[in-house]
Amino acid sequence: MPYQPQRIEPKWQRFWEEKRPFRAETGAAAPKYYVLDMFPYPSSAGLHVGHPEGYTATDIVARYRRARGFNVLHPMGWDAFGLPAEQYAIQTGIHPRVTTMQAIENFRRQLKMLGFSYDWEREISTCDPSYYRWTQYIFLKLFERGLAYQREELVNFCPALGTVLANDEVIDGKSERGGHPVYRIPMKQWLLRITSYAERLLRDLDRLDWPESTKELQRNWIGRSEGLRARFPLRGPVAGDIEIFTTRPDTIFGATYLVLAPEHPLVTRITTPEQRAAVEDYIRRTSQKSELARQEQVRDKTGVFTGAWALNPFSGEDIPVWIADYVLPGYGTGAIMAVPAHDERDYDFARAMGLPIRRVVEAHQGDEGAYTGEGVAINSGFINGLPTPQAKAAVIRWAEEHGIGHSAVQYRLRDWLFSRQRYWGEPIPILHLSDGALRAVPEDQLPVLLPEVSSYEPTGTGQSPLAAIADWVHTVDPVTGQPARRETDTMPGSAGSSWYFLRFCDPHNDREPFGMEAARYWMPVDLYIGGDEHAVGHLLYARFWTKVLYDAGLCPVDEPFQRLVHQGMILGEDGQKMSKRFGNVINPDDVVRKYGADTLRVYEMFMGPLERDKPWSTQAVEGVYRFLQRTWRLFVAEQEQEPAAGEKDPAGSQGQEGPVRCAVDEEEPRPEDLRLLHKTIRKVTEDIEALRFNTAISQLMVFVNHFTRHGRRPRRCLRPFVQLLHPFAPHLAEELWELLGERELLARAPWPDFDPQLARDELITVAVQVLGKTRGQVEVEPGASQQEVEQLARQVPTVRNHLEGRTVRKVVFVPDRIINFVVS
RNA sequence: GCCCGAGUGGCGAAACCGGUAAACGCAGAGGACUUAAAAUCCUCAGCCGCAAGGCGUGCGGGUUCGAGCCCCGCCUCGGGCGCCA
């Protein structure tokens, strides 16, 4: 009987479904291991072949760890709130819950079809009220701690579409769809104060076992910089001063003008009557530019003089105050001192506007452009002659002594814009009282359920569709009984995913988000695998929430993911990104139908290193399929042709289930068989630990090739092999395990032991080099001495030729590896 | 511009700590089995060369008895960030 994954796989999946061998037991005595996938957004398109890559990797680790006696938590769930379902609802009127549920059904079916050993009893979905109740609860914890607040924030509002747009939906100041004008208008938005965790988020990266590139990305994103905050007093009619931030206090004597962001609150006050028209016009033009448009014209510096002047407290000069959109309102103080000689942006601006440029750092190059490097201070009063680091310190000290400034740390990280004017998300559990005060919805009234709506269309006022449901919006304050309005904004998609790994520890808890004890047992996640596209979004937000919960005494750890690995991308057969546009999309359903889940799993792991991008190859899939067939044939006896009786229907014999006879025998294995077995145990074990699945599989292939070639099938070798195969191809392995007459589920069998004695080679090939070039080789016993090897090596003809007529000056000998004759 | 990552046969890749470069697989060639084909099995295969031999891990140097691996200087490709003062 041939290898038939279509018969084997559903059989074992049913088994696992009934016997539940993958259930994780909180608090068990065995050491715990928490291995987690980034849970998917269940799109209507179904699983992509990229999903099973990371999921197979974690499944191998989960199955391996169980075999190693660990109590493994390996859960799965759904990141189920989000835009696509809502967009679809706007077009069709079908409730996002309906389409989301369908997508989840489909995803679950596909994941089960791939034989992943999830503990399905812990399945969660972020759009389930029993889950988002606790997302809202955590929001309230943030609110209580002053970490959630409302602020006027500039948003991209498109009056024609009646909605707020995300930055990437705005191109050149116009909406991506329709090309309508978009304005930067202030609207009240919810934000989370992630910036107050910037320092810890940065510092704690050091103790995480994450890819260095990802840590670096987060460091850049947080963007810590040290410098000086200083006040420049205003000259003229308006009193006050302008506070700036600089990382180059040593260049302050070269500050020849100040620049404010056009949105800076001081602008209207300090603008002189003569300049008012120009300034107002410039502000208006800026507000019409989207963030993106502003970034596109990096080099074209524009700006307007406000008419105001300020004192440079260091140089004692009066310098003009300008506004320009190259200064961002959200960073630092929204104002800068411009040092055109030593800052490229200031230089460009000064050249464009004809402003003075004064050198204050000695440069070793010509006078073209700005010199931004370090050097010795010149034209700088009391810091003349000081190298940059000391000059910085001296300026900061002077500023502090004279009360005009102080050293400061700035982060590029912004607070997390947390409101969405959307329907399909968690309602923000806040009430607005008539006097403008905010009231948290009491915890015992959570969840604030998403109401049913008749239309998912934007309201046209920039508010969420929830705002149109009058009887939902209007409620009463539970404390005073006064009328109150509900917050109609919802949370972003990244809310639910910022704590799901905690909920998995205790997914059915209906008194709290998760029990402290359960979290103490399971957390942190020991291995987290997912794409690197979440390097700064999800992974930063999840760290932030974990720290907040930790500070609130609700979570035992302050870092959620101890070890993180990114799987690479699976590209199309043409080497391009898989996309409908290129017509190169591979559907996992098709692959499983044709070759089975085990082939898909083994193939994806065999393609190459987990973390690398790799192109799909249907032919290489065939190769893996052949390997599994060969494995099958190693265990299953050839069906003997029934002589005369077989006449009846040769074609139909495929359909009837003849008895599968086990070909494994009780022969004593030969030494080389045992040697290969133990080498295989060692290699597969080490490779799984190091997530080198591709080389583990190649070793399994070597094993099968060996036993197939020699036609030997000793149980003592083949039984442990099935265990090694199991994490990679669990269905086939279970089937073979049963065929071997085993009673227990393979999924519960312990990992085979490796015996170094049995893995030892009898003879080892030692390479013989002359002057570092390989000229021959000799066979010796392991651990052979230099004398023995050298003597043999000198006999080798090709070696002898190269030693002829030369003097051996030195012999380099590395036991069991090489011997190198250095001659002259 | 800046920051990461990667360059090894026709292709995906392997090579542990600096020690025989190319394991394993795909594609290819030849053979066995077959009436034939498919499947399967066996053999070959980096490049140049009849051979001896030479050349070979993006390029150029260096260190070393010995470099795919370490150091210096480049090149190419992929990804990310972009006026953050």
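Residue numbering restarts at 1 for every chain, and letters A, B, ... go by the order of the sequence lines.
Nucleotide B:A85 holds its C1' atom 15 Å from the CD1 atom of A:Ile242, rounded to whole Å. Rounded to whole Å, atom P of B:A13 lies 13 Å from atom CG of A:Leu610. Rounded to an integer number of Å, the gap from A:Glu622 CD to B:A27 P is 8 Å. Straight-line distance from the CG atom of A:Asp532 to the P atom of B:G79: 12 Å, rounded to whole Å. Taking atom CG of A:Asp761 as the reference point, atom C1' of B:U20 lies 15 Å away to the nearest angstrom. The distance from atom CD of A:Glu611 to atom C1' of B:C4 is 14 Å, rounded to the nearest whole Å. Note: CZ (A:Phe693) to P (B:A23) measures 23 Å, nearest angstrom. Rounded to whole Å, the distance from CZ on A:Arg817 to P on B:A21 is 12 Å.
A close approach under 4.0 Å does not occur between any side-chain nitrogen or oxygen of A:Tyr326 and OP1 or OP2 of B:A85. One finds no side-chain N or O of A:Arg775 lying less than 4.0 angstrom from the OP1 or OP2 phosphate oxygen of B:A52.
Scanning for ring-ring contact (aromatic ring centres under 6.0 Å, His included) contacts around A:Phe703 gives A:Phe707, A:Phe721, with sequence neighbours left out. Residues that satisfy the side chain to side chain contact (heavy atoms under 4.5 Å, CB included) test with A:His538, not counting sequence neighbours, are A:Met38, A:Ser497, A:Tyr500, A:Tyr528, A:His534, A:Ala542, A:Phe561. Considering only residues two or more places apart in sequence or on other chains, A:Phe754 meets the ring-ring contact (aromatic ring centres under 6.0 Å, His included) condition with none of them.
Between B:A23 and B:A45, the distance separating the two C1' atoms is 15 Å to the nearest Å. Of the P atoms belonging to B:A27 and B:G18, the separation is 36 Å, rounded to the nearest Å. Of the P atoms belonging to B:A67 and B:U57, the separation is 11 Å, rounded to the nearest Å. Nucleotides B:G73 and B:G25 are separated by 38 Å at their C1' atoms, to the nearest Å. The gap from the P atom of B:C47 to that of B:G79 amounts to 32 Å, rounded to the nearest Å. Taking the C1' atoms as reference points, B:G12 lies 35 Å from B:C65, given to the whole Å. Rounded to the nearest Å, the gap between the C1' atom of B:A85 and that of B:C16 is 48 Å.
Nucleic acid contact for A:Leu217: sugar-phosphate only, since backbone atoms but no base atoms lie under 4.0 Å from a heavy atom of the residue. Looking at heavy-atom distances under 4.0 Å, A:Gly623 makes contact with sugar-phosphate atoms alone, never a base. Backbone-only engagement by A:Val702 is indicated by non-hydrogen atom pairs under 4.0 Å involving sugar-phosphate atoms exclusively. When heavy atoms are screened at a 4.0 angstrom cut-off, A:Asn694 is found touching the sugar-phosphate backbone but no base atom.
Of the candidates B:C55, B:C83, B:A85, the closest approach to any side-chain atom of A:Lys773 belongs to B:C55. For A:Thr246, the side-chain atoms get nearest to B:A85 when compared with the rest of B:G19, B:C83, B:A85. Comparing atom distances between the A:Gln769 side chain and each of B:G19, B:C24, B:G82 picks out B:G19 as nearest. You'll find that the side chain of A:Thr695 is closest to B:A14, out of B:A14, B:G66, B:C24. Candidate nucleotides B:A13, B:C55, B:A21 were compared by shortest atom distance to the side chain of A:Pro609, and B:A13 ranks first. Listed candidates were B:A15, B:G19, B:A85. Nearest to the side chain of A:Arg692 is B:A15.
B:G9 takes the syn form, because its glycosidic angle lies no more than 90° either side of 0. Annotated as anti: B:C69, whose glycosidic dihedral deviates from 0 by more than 90°.
When all heavy atoms are compared, the tightest approach of A:Ala335 to A:Leu260 is CB-CD2, 3.3 Å. Heavy-atom minimum distance, A:Ala637 versus A:Ala663: N-CB, 3.6 Å. Among all heavy-atom pairs drawn from A:Ile323 and A:Ala261, the shortest one is CG2-O, 4.5 Å. Considering all non-hydrogen atoms of both residues, A:Ala350 and A:Tyr257 come closest at N-OH, 3.7 Å.
Within the 4.5 Å cutoff, the side chain of A:Arg601 has no heavy atoms near those of the A:Phe728 side chain. In this structure the side chain of A:Ile529 reaches within 4.5 angstrom of the side chain of A:Leu610, judged on heavy atoms.
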Detail all sub-3.5 Å separations between protein N/O atoms and N/O atoms belonging to nucleotides 5-12 of chain B.
residue, atom, partner, partner atom, Å
B:G12, O2', A:Met607, O, 2.6

Nucleotide N/O of nucleotides 40-44 of chain B paired with protein N/O under 3.5 Å:
residue, atom, partner, partner atom, Å
B:U40, O3', A:Arg633, NH2, 3.4
B:C42, OP1, A:Arg709, NE, 3.4

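For A:Tyr595 and A:Tyr603, the ring centers are positioned 6.0 Å apart or more. Taking the six-membered ring for Trp and the full ring otherwise, the centers of A:Phe349 and A:Tyr326 sit less than 6.0 Å from each other.
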(request) Give the intermediate values and the outcome of ring pair (Phe, Tyr, Trp, His ring centres under 6.0 Å) for residues A:Trp322 and A:Tyr282. (result) CA-CA 11 Å; A:Trp322 286 63; A:Tyr282 186 76; 9.6 Å; no
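Every stem involving RNA chain B, taken as at least 3 paired positions in a row under the Watson-Crick or G-U wobble test at 3.5 Å, is listed here: B:1-7 with B:75-81, B:10-12 with B:24-26, B:28-32 with B:40-44, B:46-48 with B:53-55, B:58-62 with B:70-74.
At a cut-off of 3.5 Å, with distance as the only test, a side-chain donor of A:Thr680 or A:Gln699 sits close to an acceptor on the other residue.
A salt bridge links A:Glu199 with A:Arg224: the closest approach of a Lys/Arg side-chain nitrogen to an acidic carboxylate oxygen falls below 4.0 angstrom.
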